[in-house]
2 protein chains.
Amino acid sequence: MEELLKFAPRPTGAGDMFQMLRDGQPRTRADLATATGQARSTIAARIDLLMSAGLIAPAGEATSTGGRPPATFAFNPRAKVVLAVDLGATHARIALTDLASQVLAETNAPLAIADGPRAVLGWVVENGDKLLATAERGESELAGVGVGLPGPVEHSTGHPIMPPIMPAWDDVDVPGILRRHFDVPVLVDNDVNIMALGEHRAAWQTVDNLLFVKVATGIGSGIIADSALRRGAQGAAGDLGHVAVAGAGDAPCRCGNHGCLEAVASGQAVADRLAAQGLDARRSADVVQLVRSGDLTASAAVRQAGRDIGTVLAACVSMLNPSVIVIGGILAEAGEHLIAGIREVVYRRSLPLATQHLRIVTSQTRGEAGVLGASAMAVDHVLSPASIDALI
Amino acid sequence: MEELLKFAPRPTGAGDMFQMLRDGQPRTRADLATATGQARSTIAARIDLLMSAGLIAPAGEATSTGGRPPATFAFNPRAKVVLAVDLGATHARIALTDLASQVLAETNAPLAIADGPRAVLGWVVENGDKLLATAERGESELAGVGVGLPGPVEHSTGHPIMPPIMPAWDDVDVPGILRRHFDVPVLVDNDVNIMALGEHRAAWQTVDNLLFVKVATGIGSGIIADSALRRGAQGAAGDLGHVAVAGAGDAPCRCGNHGCLEAVASGQAVADRLAAQGLDARRSADVVQLVRSGDLTASAAVRQAGRDIGTVLAACVSMLNPSVIVIGGILAEAGEHLIAGIREVVYRRSLPLATQHLRIVTSQTRGEAGVLGASAMAVDHVLSPASIDALI
DNA sequence: CAACTTTTGGTTGACCCCCGTCAAAAGTGC
DNA sequence: GCACTTTTGACGGGGGTCAACCAAAAGTTG
């Protein structure tokens, strides 16, 4: 089958070559020529173009292999900046990052999403400007904005659709509003989706199939299949929270159904159960506190939540066959109890072919998955081959 | 965000233009020029190229809009043929189709996959040649071969991996073997995956997210997300059969676990249950027969199987958020009982956002989804932009 | 029915991009 | 210091694309 593809004369712009350099590693002209199949002279021209745009920079000379040592070039992530916004139900985080998603400045504050688009996006604009100022970057250096919202979002338009916990945001033109102030591309997605993206970009770039599970007040997941986020028909894919759990009672859920995973194993559900046993646990954070202080009842409850989540994840493993499952959200910070419960069930319930190379790990981004993902989403758009070619 | 993309100078080959014509509709040169943004002279040159390759043909004149009536051109599916092979556990089907997946000649016969690659692929070669002869097509007209196998397949290499019901096929180089005789690209995939592809191409081309579920002796599914098959890390995605069913007992399953969907709701499981009640049902086909003959016990059992499948599908709807679920396999041919049971549970268990536009339908390909998908898989490869450009 | 309008179809020359080649530059090894 | 290796930038040729022009075909209008 490859004989047909061997010499396909498909012209590639400078943007395609640039993608190879996105990883930050320095490369010589010869490296790029052999990798892209194009002539060295063509590569040289593209290098000049990208250099003058500031997107790449000389990275010294490589060691000689007997002749003149080649000059190397590497991606210059400091050429531009993007704003990464992670809006939760009651908390907002906004970061200014470079094009490698390195955080340059950051703010976070309690902020109720229920205050509505006007107030919240106003806060975003205000603090975005502040971050640009503290990082001493002009508005002309801003290349894009990425936003995560706690509800379903139609990614192509950036409009939330029927979001349960933020009804005032239904069908609001978030990109349009933000573009009134920041005249750059604005990308919007579900908060769990951007966390999946962040974790993937930050720690699992070489893995093509990843499932990110957030266990906090609620439970949700983001699906990366064949290296891209999969959002489903209405942007509602990955909704783990309202899957029924086999053999875990039928606790009523806020969605109106019974026996949903979220009603059984979310941080809130665990807290409620512990509170009923007389412990001082009102929210997810209290559960984490109790576990960390060595409370055995709390540890056992978290482990049981892990088992319940594992029951649902076992089904997801069979369906999606990921290489990695990343467990994030506040409840994942309560030691190894949650993930132990998850592993226990998943490895028992799933078929060998699906589990033999499956890793189940905790988030490695320490709560920054959201902003990292929002940043990555914006950067991906801004540095896409088409955008680069248009930018010259 | 579109301002950056507006005039992206991304050169496109003849193959890209050709993709627009794949739908079979006739188009004028002007249509193609405005659609691709290229000059009419460029389009004219490409038309000539594709015409001389036989891939497109004149399709008469369109009606004049006041001036000279334009000539139209349309995809010529008869330019080449592909072999589509659908191998089941005990049955094989092989078809010769044109580039629009129209069947030109077809053979099917009982054939045990367990006889091993040598015997089975020998049969494929032999009957492939026969079909070419009956359709009066030379070997030079064969453009590709698509094969579906009843087990997990690493699609990139075409090698089955750890297939439970065909152990002799593990890591066999199926494309290599077939290419020894047919010197054309050979694409291989799981049988349920190609059924999903076939159903998508034949009936749901405009839908981006589709889940195809096969209910026969076993239960499996194929996932189409963002318009492409998603196979997971080991090609094992879509394995519905061994998901645990909430609240449906814990019947032992051949996979070694308990309570798997396949052990509860597959055609075999239903047959076994009916047999235990004294009915003459040894295989899935017998169940269908009983239902068609009006047996109420059998109907009820099929409907209950539908409910059990629905329980698992509800979770899949939450995770994948498809627009369409297609139910295929022999048990779907037993009237509306199966799908009624499925609908009953899915629409009750899933969230409104995911179900408001969800359609659950039976297969519209009358058992031909497999060969149609195998054909589509091969055609997609052969007519990809890169392949077309290479072919000139 | 003839002239005009409209639209398509084909051709040509200019331009741009990409590729090969070549000589100069910069190091290495003897 | 010299021969050899490798990289680098420059130059000319070739292929493809575009814009423009002209011719042809059909419909419109008087």
Side-chain angles (χ1 to χ4, degrees), chain A residues 6-21 26-53 56-74 385-386 388-392, chain B residues 6-18 20-21 25-53 56-74 385-386 388-392:
Chain A
K6 209 185 300 178
F7 286 119
R10 298 185 65 69
T12 61
D16 290 303
M17 189 198 82
F18 178 66
Q19 302 305 314
M20 312 199 66
L21 289 160
R27 267 172 252 261
T28 70
R29 284 181 248 247
D31 288 344
L32 293 166
T34 54
T36 62
Q38 289 163 311
R40 270 87 58 203
S41 49
T42 305
I43 298 295
R46 305 236 155 113
I47 292 276
D48 292 345
L49 234 52
L50 291 169
M51 285 260 283
S52 65
I56 62 174
E61 292 184 345
T63 57
S64 166
T65 60
R68 172 174 175 173
T72 66
F73 303 87
I388 296 287
D389 284 355
L391 193 72
I392 292 174
Chain B
K6 209 184 302 178
F7 287 120
R10 297 185 67 69
T12 60
D16 290 302
M17 190 196 82
F18 178 66
M20 312 197 65
L21 289 160
Q25 289 189 340
R27 268 171 249 263
T28 70
R29 284 181 246 249
D31 288 343
L32 293 165
T34 54
T36 62
Q38 290 164 311
R40 289 188 302 277
S41 51
T42 305
I43 298 296
R46 304 234 155 112
I47 291 277
D48 291 347
L49 233 52
L50 290 170
M51 285 259 284
S52 66
I56 60 173
E61 291 184 346
T63 56
S64 164
T65 60
R68 172 176 174 171
T72 66
F73 303 87
I388 295 288
D389 286 354
L391 194 72
I392 294 172

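Only heavy atoms go into these numbers, but all of them, side chains included; no hydrogens, no water, no symmetry mates. Below, read A as the first sequence line, B as the second, and so on, with proteins coming before strands; counting in each chain starts at 1.
Considering only heavy atoms from C-beta on, B/Ile388 comes within 4.5 Å of B/Leu50 through its side chain. With a 4.5 Å cut-off on side-chain heavy atoms, A/Met17 and A/Ile47 count as touching.
B/Ala39 is linked by a side chain to side chain contact (heavy atoms under 4.5 Å, CB included) to B/Ser41, B/Thr42, counting only residues two or more places apart in sequence or in another chain. The salt bridge (charged side-chain N to carboxylate O under 4.0 Å, His left out) test applied to B/Arg40 returns no partner, not counting sequence neighbours.
Straight-line distance from the CG atom of A/Asp16 to the P atom of C/dC18: 11 Å, rounded to whole Å. Here the P atom of nucleotide D/dG15 and the CG atom of B/Asp389 are 17 Å apart, to the nearest Å. Note: CG (B/Leu32) to P (C/dT7) measures 18 Å, nearest angstrom. Per the geometry, CZ belonging to B/Arg40 stands 9 Å off C1' belonging to C/dT7, to the nearest Å. Atom-to-atom, CG of B/Asp48 to P of C/dG10 comes out at 7 Å; the value is rounded to the nearest Å. Taking atom CD of A/Gln38 as the reference point, atom P of C/dC19 lies 5 Å away to the nearest angstrom. B/Ile47 has its CD1 atom 10 Å from the P atom of C/dG10, to the nearest Å. Separating the CG atom of A/Asp31 from the C1' atom of D/dT6 is a distance of 13 Å, rounded to the nearest angstrom.
Among the nucleotides C/dT11, D/dT7, C/dT21, the one closest to any side-chain atom of B/Ser41 is C/dT11. For A/Pro70, taking side-chain heavy atoms from C-beta onward, the closest of the listed nucleotides C/dC19, C/dT8, D/dT7 is D/dT7. Of the candidates D/dT7, C/dC17, D/dT17, C/dC17 carries the atom nearest the A/Arg46 side chain, counting heavy atoms from C-beta on. Of the listed nucleotides (D/dC18, C/dG10, C/dC17), C/dG10 has the atom at the smallest distance from the side chain of B/Arg29. Taking the side chain of A/Ala39 as heavy atoms from C-beta on, and the options D/dT7, D/dC18, C/dG20, the nearest nucleotide is C/dG20.
A donor-acceptor contact shorter than 3.5 Å links the side chain of B/Arg27 to the backbone of B/Met20.
Residue A/Thr36 holds its OG1 atom at 8.0 Å from CZ of A/Arg46, rounded to the nearest 0.5 Å. Here the CZ atom belonging to B/Phe73 is positioned 7.5 Å from the CG atom belonging to B/Asp48, to the nearest 0.5 angstrom.
In this structure, B/Thr42 reaches the D/dC18 phosphate: one of its side-chain N or O atoms is under 4.0 Å from OP1 or OP2.
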Output a table of nitrogen or oxygen pairs between the protein and nucleotides 22-26 of chain C separated by less than 3.5 Å.
from   : atom 1 : to      : atom 2 : distance (Å)
C/dA25 : N3     : A/Arg68 : NH1    : 3.4

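For the pair A/Thr72 and B/Ile43, both in contact range of DNA chain D, the more 5′-proximal nearest nucleotide belongs to A/Thr72.
Looking at heavy-atom distances under 4.0 Å, B/Ala71 makes contact with sugar-phosphate atoms alone, never a base.
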